[in-house]
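Reviewing the structure listed below.
Labels below follow one simple rule: chain letters A, B, ... track the order of the sequence lines, proteins then strands, and each chain is numbered from 1.
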Amino acid sequence: MNLIDQYPISLTNSLTGKKEVFKSLVPGYVGMYVCGPTVYNNVHLGNTRTFLTFDVISRYFRFLGYKVRYVRNITDVGHLTDDGDAGEDKIGKKARLEQLEPMEVVKRYTEDFHGVMRLFNILPPSIEPSATAHIIEQIEITKKLMEAGLAYEANGSVYFDVKKYNQSHHYGILSGRNIEELMESGRDLDSQDEKREKIDFALWKKASAEHIMRWPSPWGDGFPGWHIECTVMSTKYLGETFDIHGGGMDLKFPHHECEIAQATGANGKVPVNYWLHSNMLTVNGQKMSKSLGNSFLPSELISGSHPLLDKGYSPMTTRFFMLQSHYSSTLDFSNEALQASEKAYRRLSTALSTVKALSHTEGKVDEGLSKELNSLIASCYQNMSDDFNTAKTLAVLFEMSSRINDFKSGNRKTGEVNAELFTAFQKTYISFMEEVLGLQEETQLHNNALDGAIKVLIELRKKARTDRNYALSDKIRDDLKAAGIQLKDGKDGEMSYELE
RNA sequence: GGUUCCGUGGCCGAGUGGCUAGGCUGAGCUCUGCAAAAGCUCCUACAGCGGUUCGAAUCCGCUCGGAACCUCCA
């Protein structure tokens, strides 16, 4: 039996609000689209959480044996800072402020984004299409929607007719909103507005004279609307209906709602079977966002240079911290929580290097331990298959760490389980840590000269101990500790050290 | 105002009808010359008030408190 059938994945589908058993359109294959960043600024830690979530999800699908096509776009087209006509082109604005070409802005922040992804060990998607490379397709689908009577032109711009769409479909199916309420609440249509209803949204916008990013179209020079790029790129690379669409919770409405309307209107098919939304990273209970001024850049987190931070935290500590909560819950950021994560993660990381070094020797098999290890192995899969519950999976890995430490210290002998089970246990721990959760051992800054010097001191201390000169041996240990080096005496008289 | 979600032990966080995760902190024990590390044990909670049920942190209602979305946002 293969892993896909052995551990069927259930996931919370935002479209139905229920946990459902995942069934892919084509057996063994998964098509997943995730809304990527708008590259006019550095990505912050909150953004990173979303990409981490879908990184782990795609990793787990692959781990079970699915062939995954993971598409994550780059939004580089220069949408407006405001949805109305008053807004300014984000990328154009940044370009003016920094005196750069818009594509220099795009390049700079795309590079920054990729750097952050590498830092947190977030794997690249299979395809990373950019909106500016799909202008023709965006114009084509806009034409198609006009032909279908679901879009109208007004003064060089084209808008999606939500009311019309709602006559034959359900606008609001994803976010649970109803069209009447939407038309009543919110901002009023101002007199300048060309839209028939304020809930209508732009498929194509006419470019004002000073707008830098612009392309020719049947309606004159302009640029595509915010939502259409995702519809175009997901359809192009994954088909008119695909398995999973993901993104941050804050994109659910209106962005994803509009995507559903456009795609359904244009292709006559439900575009997505499962919608997944990852929740927000909060700071003191409030959403981390640029506008609130409570966002940190990953670089500020690592160096500890942000005023809200007591000290710096490593990328893997941060990754671990985020995986300790479920992706569908908000996660509150605090120094205390990060400090706890730092210690906890060190424990896992140490067990990881320990388990790699363990080997099996035959002995008398213990039924109780065998049963426990078998059950721990199965739990890893079961917890990940249960809506990608990384928090529960980590809890299992901690229990496995205790057993690993037992083997290392000799509390339990590896021979208490048979060789096959021992290897499975080893492989499960290593692969869930590294492949599924993407947690790597953090390589300490090993420096050959330093390592050599410490070894010399260790030899001196060994000599002092055999001479029962504990005053000297303790001094060596204490002084090294003060310098940030912790010596650990092993059972067999060997010593190891750890940099703090 | 509308829509939706949340409120778990000293702290962070899983859990969504019975079997009461895990981590961090604190206390104790074992090992150790002493430490560190490790192993074991303990401190055991579900905002409040009602209701449903043999049984509720988990379902329903109300109250209080917090958040997200309704405007760009991961």
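Between the side chain of A:Asp489 and the base of B:C34 there is at least one donor-acceptor pair of N/O atoms closer than 3.5 Å. Counting atom types as modelled, A:Asp474 pairs a side-chain N or O with a base atom of B:G33 as donor and acceptor under 3.5 Å. Scanning atom types as modelled, one donor and one acceptor separated by under 3.5 angstrom connect the side chain of A:Arg477 and the base of B:A35.
Across all strands, A:Ser329 comes closer than 4.0 Å only to sugar-phosphate atoms, never to a base (heavy-atom distances). Residue A:Gln339 is classed as having no contact, given no heavy-atom separation below 4.0 Å to the nucleic acid. Nucleic acid contact class of A:Gly46 (heavy atoms, under 4.0 Å, all strands): base. A:Leu397 comes within 4.0 angstrom of nothing in the nucleic acid, heavy atoms only. No engagement by A:Leu338 is indicated, since no non-hydrogen atom pair under 4.0 Å with the nucleic acid exists.
In this model, the phosphate group of B:C31 is not approached by any side-chain N or O of A:Asn411 to a distance below 4.0 Å at OP1 or OP2. An OP1 or OP2 oxygen of B:A38 is reached within less than 4.0 angstrom by no side-chain nitrogen or oxygen of A:Arg412. Close to B:G39, at under 4.0 Å from its OP1 or OP2, lies a side-chain N or O of A:Asn405. The phosphate of B:A68 has neither OP1 nor OP2 within less than 4.0 Å of any side-chain N or O from A:Thr282. Phosphate proximity of B:U4 to A:Ser175: absent, as no side-chain N or O sits under 4.0 Å from OP1 or OP2. Within the 4.0 Å cut-off from OP1 or OP2 of B:U4, not a single side-chain nitrogen or oxygen of A:Lys252 is found. A:Lys408 has no side-chain polar atom (N or O) that falls below the 4.0 Å cut-off from OP1 or OP2 of B:A37. In this structure, A:Arg346 does not reach the B:A38 phosphate: none of its side-chain N or O atoms is under 4.0 Å from OP1 or OP2.
Between the side chains of A:Asp332 and A:Ser334, not a single donor N or O lies within less than 3.5 Å of an accepting N or O. Between the side chains of A:Tyr313 and A:Gln339, at least one donor N or O sits under 3.5 Å from an acceptor N or O. With 3.5 Å as the limit, one finds no donor-acceptor pair spanning the side chains of A:Tyr7 and A:Gln382.
Rounded to whole angstrom, the span from the CZ atom of A:Phe201 across to the C1' atom of B:C72 amounts to 16 Å. Distance A:Lys205 NZ to B:C72 C1': 14 Å, rounded to the nearest Å. We find that CG of A:Leu394 is positioned 9 Å from C1' of B:G23, with the value rounded to whole Å. The nearest whole Å value for the distance from the CZ atom in A:Phe398 to the P atom in B:A21 is 16 Å. For the pair A:Asn279 CG and B:U4 P, the interatomic distance rounds to 16 Å; values are reported in whole Å. Atom NZ in A:Lys287 sits about 14 Å away from atom P in B:A67, given to the nearest Å. What separates NZ of A:Lys343 from C1' of B:G22 is a distance of 17 Å, to the nearest Å. Counting to the nearest Å, the P atom of B:G13 and the NE2 atom of A:His326 are 15 Å from each other.
Rounded to whole Å, the C1' atom of B:G33 lies 43 Å from the corresponding atom of B:A14. B:C60 sits 12 Å from B:G17 when the P atoms are compared, rounded to a whole Å. Atom P of B:U71 sits at a distance of 26 Å from the matching atom of B:G65, rounded to the whole Å. The C1' atoms of B:A57 and B:C19 are separated by 15 Å, rounded to the nearest whole Å. A gap of 28 Å separates the P atoms of B:G51 and B:U44, to the nearest Å. Nucleotides B:G2 and B:C11, compared at atom C1', are 36 Å apart to the nearest Å. As rounded to the nearest Å, B:U25 and B:C34 have C1' atoms that lie 25 Å from one another. Remark: the separation of the C1' atoms in B:U16 and B:C59 is 9 Å, to the nearest Å.
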key: Pair assignment for RNA chain B - dot-bracket with | for other-strand partners, Watson-Crick or G-U under 3.5 Å   = (((((((..(((.....[...))).(((((.......)))))....(((((..]....))))))))))))....
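Using a 4.0 Å cut-off between charged nitrogen and carboxylate oxygen, A:Asp250 and A:Lys287 count as a salt-bridge pair.
Checking B:C24, B:C70, B:A74 against every side-chain atom of A:Ala340, the shortest atom distance belongs to B:C24. Of the candidate nucleotides B:A36, B:G13, B:G39, B:G39 has the atom lying nearest to any side-chain atom of A:Arg347. Here B:A74 is the nucleotide among B:A74, B:C24, B:C69 with the atom lying nearest to any side-chain atom of A:Met280. For A:Arg177, taking side-chain heavy atoms from C-beta onward, the closest of the listed nucleotides B:G15, B:U3, B:G39 is B:U3. Nearest nucleotide to the A:Lys290 side chain, out of B:G22, B:A74, B:G33: B:A74.
Aromatic pair A:Phe223/A:His211: centroids less than 6.0 angstrom apart.
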request  = Check step by step if salt bridge (charged side-chain N to carboxylate O under 4.0 Å, His left out) holds for A:Arg346 and A:Glu498.
outcome  = CA-CA 11 Å; A:Arg346 186 180 293 183; A:Glu498 195 171 274; 3.6 Å; yes
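Counting heavy atoms of neighbouring residues, nucleotides and ligands inside a 6.0 Å radius, atom NZ of A:Lys311 exceeds 12 of them. For A:Lys356, the NZ atom sits in a packed shell: over 12 heavy atoms of surrounding residues, nucleotides or ligands are nearer than 6.0 Å. In A:Lys290, the NZ atom is crowded: over 12 heavy atoms of neighbouring residues, nucleotides or ligands sit closer than 6.0 Å.
Between A:Ala337 and A:His255, the residue whose closest nucleotide on RNA chain B is further toward the 5' end is A:Ala337. Judged by closest nucleotide on RNA chain B, A:Leu331 is the one of A:Ser402 and A:Leu331 placed further toward the 5' end.
Geometrically, A:Arg72 engages A:Phe51 in a cation-pi contact defined by less than 6.0 Å to the ring centre and at most 45° from the axis.
The aromatic rings of A:Phe253 and A:Tyr171 stand perpendicular to each other, their planes meeting at an angle above 60°, with 30° marking the opposite boundary.
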